[in-house]
Amino acid sequence: GWFEAFEENKATIFYGLHGGAEWTGAATDPRNGRLYVSANELPWVITLFRPVEIRRDPNLPPSRGQQVYEERCLECHGNNLQGNGMAPPLHGLERRMKDDEVRELLKAGKNLMPAAEGLNEEDADALLDYIYLREAGMEVIQPEDSGKLNYLFNGYHKLLDQDGYPGSKAPWGTLNCINLNTGKIEWKVPLGYYPELTLDGLYDTGAENFGGAMVTAGGLVFCAGTPDNLIRAFDADTGEELWEHELPFGGYAPPATYEVDGKQYVVIAATGGGKLGTEQGDAWVAFALPG
C-alpha cells in the first residue's frame with residue numbers, strides 16, 4: 001500500500017530516493033500550460049532496524065577513531081553516527097559493508113561523498129574501529145536491553161540486477177510532458193541509454209539521469225544528464241527525438257538559451273559532475289543554427 005509502514009529488519013522496495021521527478025527541476029511553457037520534466041524510475045532497498053546503544057566512560061579522553069570521525073565525518077553523518085540529511089547513518093554499517101569496502105570508499109569517494117584525502121592507514125584503522133564499535137572501553141547495549149524504540153535505516157541502496165542495472169522493468173529514465181490544465185501526461189519517452197546495452201540492440205531502456213529540461217518558444221525541448229553523455233532535442237508536441245550531440249563530459253544540469261545580435265544559442269555545462277560514474281571534466285558547450 002501507499003502508506004504501509006516499514007517492517008523491522010525486512011527489506012522494503014521504495015521508489016524515488018534519487019529524486020524521481022524533482023531533483024533537477026522542470027521547464028514550463030506558459031503559452032500552452034505544459035510542463036516538461038525528466039524522471040528516474042529506479043527501485044531502492046530500505047531496511048529499518050533498531051541500533052545498538054554505545055556507552056563509554058566520559059572521563060576517558062576521545063579516542064583517535066573518535067577524533068578522526070569528528071574531523072572528517074561528523075559534519076555529514078552527524079553525532080553518534082546517526083546520519084544527517086542525505087548522508088546515511090553509520091550505525092549498523094557492518095550490516096552492509098566490509099572493512100575493505102569502506103577503505104576503498106575512503107580512498108576513492110562515491111557520489112556525493114568525496115575521497116578522504118591525506119587519511120593514513122593508521123587513522124583509517126582507528127576510524128573503522130570507532131564506526132564498527134570495536135574500540136576498547138566501549139560498552140555495547142543491545143536494542144532489546146536499552147528500553148528504547150529508536151530506529152535507523154541501512155542507507156541508500158539501489159536494487160540492481162547481477163549486471164549492475166536497475167532491478168525493475170525499463171524504462172529507467174524518462175522525459176515527460178504534463179498538461180497542467182488537465183493534470184494528465186501528454187507523452188512520455190525513454191531518456192538516454194547505457195552504451196554497453198546498445199551492443200545487444202537495447203536503445204529504449206532509458207537511463208538514470210541528472211540533467212533537467214529546457215523548452216524553447218520554437219517548440220523544442222533540450223535535455224541531457226544521461227550516462228551516454230548526449231544532449232538531445234525533442235519535439236515539444238510529440239516527444240519525438242529530433243537531434244542529439246555527444247558532449248565531452250556528462251551534462252548534469254539543465255541547458256540554457258540566450259540571444260546575441262539576433263542569433264539564438266543553447267549552452268550547457270558539461271562536467272561529469274561526479275554523477276553516475278562517468279568521467280569528470282570541465283567544459284561549456286554552446287550550439288546555434290548555421291548562418
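- Surrounding OH of Y203 are at most 12 heavy atoms belonging to other residues, nucleotides or ligands under 6.0 Å away.
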- Task: Could you check Q264 against T216 for side-chain contact (heavy atoms from CB on, under 4.5 Å), going step by step and ending with a plain yes or no?
- Result: CA-CA 10 Å; Q264 186 177 8; T216 70; 4.2 Å; yes
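- Rounded to the nearest 0.5 Å, atoms CD (E8) and OG1 (T47) are 11.0 Å apart.
- Aromatic pair Y194/Y165: ring centres closer than 6.0 Å.
- Not counting sequence neighbours, the partners of T278 by the side chain to side chain donor-acceptor pair (under 3.5 Å) test are Y252.
- In this structure, the side chains of L242 and L220 come closer than 4.5 Å at one or more pairs of heavy atoms.
- A224 and I268 make their closest contact through CB-CD1, 3.6 Å (heavy atoms, listed as atom of the first residue, atom of the second, distance).
- Counting heavy atoms from C-beta outward, L81 and Y69 have side chains that approach closer than 4.5 Å.
- A donor-acceptor pair under 3.5 Å is absent between the side-chain atoms of T174 and the main chain of N176, judged by distance alone.
- R64 and E122 are not joined by a salt bridge, as no carboxylate oxygen comes within less than 4.0 angstrom of a charged side-chain nitrogen.
- Distance check: M97 CE to I131 CD1 gives 10.0 Å after rounding to the nearest 0.5 Å.
- Looking at T28 and V215, their side chains never come closer than 4.5 Å, going by heavy atoms from C-beta outward.
- N209 places no side-chain N or O within 3.5 Å of a backbone atom of G211 that could act as its donor or acceptor partner.
- Between the side chain of D228 and the main chain of Y193, a donor-acceptor pair closer than 3.5 Å is present.
- Considering every non-hydrogen atom in both P166 and L42, the closest pair reads CG-CD2, 3.4 Å.
- Side chain of T257 to backbone of Y265: a donor-acceptor contact under 3.5 angstrom is found.
- For E41, the salt bridge (Lys or Arg N to Asp or Glu O under 4.0 Å) partners two or more places apart in sequence, or in a different chain, are K188.
- To the nearest 0.5 Å, the span separating CZ on R232 from CD on E241 amounts to 5.0 Å.
- For V285 against A270, the heavy-atom pair with the smallest separation is CG2-CB, 4.4 Å.
- The closest donor-acceptor contact from the side chain of T198 to the backbone of G201 lies at 3.5 Å or more, if one exists at all.
- Under a 3.5 Å cut-off, the side chain of T205 and the backbone N or O of L202 do not form any donor-acceptor pair.
- Under the 4.5 Å side-chain heavy-atom criterion for Ile, Leu, Val, Met, Phe, Trp and Tyr, L90 and L74 are members of the same hydrophobic cluster.
- With contacts defined as side-chain heavy-atom distances shorter than 4.5 Å, the pair W172/P190 does not qualify.
- L60 belongs to no multi-residue hydrophobic cluster, having no ILVMFWY side-chain contact under 4.5 Å with any other such residue.
- Within the 4.5 Å cutoff, no side-chain heavy atoms of L247 are placed close to those of L230.
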As a quick check of understanding, evaluate side chain to side chain donor-acceptor pair (under 3.5 Å) for Q67 and E71, giving each step before the final call.
CA-CA 6 Å; Q67 292 175 333; E71 292 168 3; over 6 Å; no
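- Using a 4.5 Å cut-off on side-chain heavy atoms (C-beta onward), C177 and R34 make contact.
- Remark: D261 does not engage K263 in a salt bridge, criterion side-chain N to carboxylate O under 4.0 Å.
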If you apply the rule side chain to side chain donor-acceptor pair (under 3.5 Å), what do you find for N40 with E208, and how did you get there? CA-CA 6 Å; N40 289 308; E208 186 176 10; 5.2 Å; no
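- Annotation for A21 and V37: closest pair O-CG2, 3.2 Å, computed over non-hydrogen atoms.
- When side chains are defined from C-beta on, F234 does not count as touching Y36, because their heavy atoms never get closer than 4.5 Å.
- Across every non-hydrogen atom of F49 and N9, the tightest pair is CB-OD1, 3.5 Å.
- The nearest pair of heavy atoms linking V45 to A11 is CG1-CB, 3.7 Å.
- Judged by distance alone, with hydrogens and angles left aside, the side-chain atoms of H77 form a donor-acceptor pair with the main-chain N or O of P88 at under 3.5 Å.
- Put simply, CG on D29 and CG on L180 are 10.0 Å apart, with the number rounded to the nearest 0.5 Å.
- Under the 4.5 Å side-chain criterion, counting only non-hydrogen atoms from C-beta, L159 is in contact with I13.
- Salt-bridge annotation for D125 and R103: present, with a side-chain N of the basic residue lying under 4.0 Å from a carboxylate O of the acidic one.
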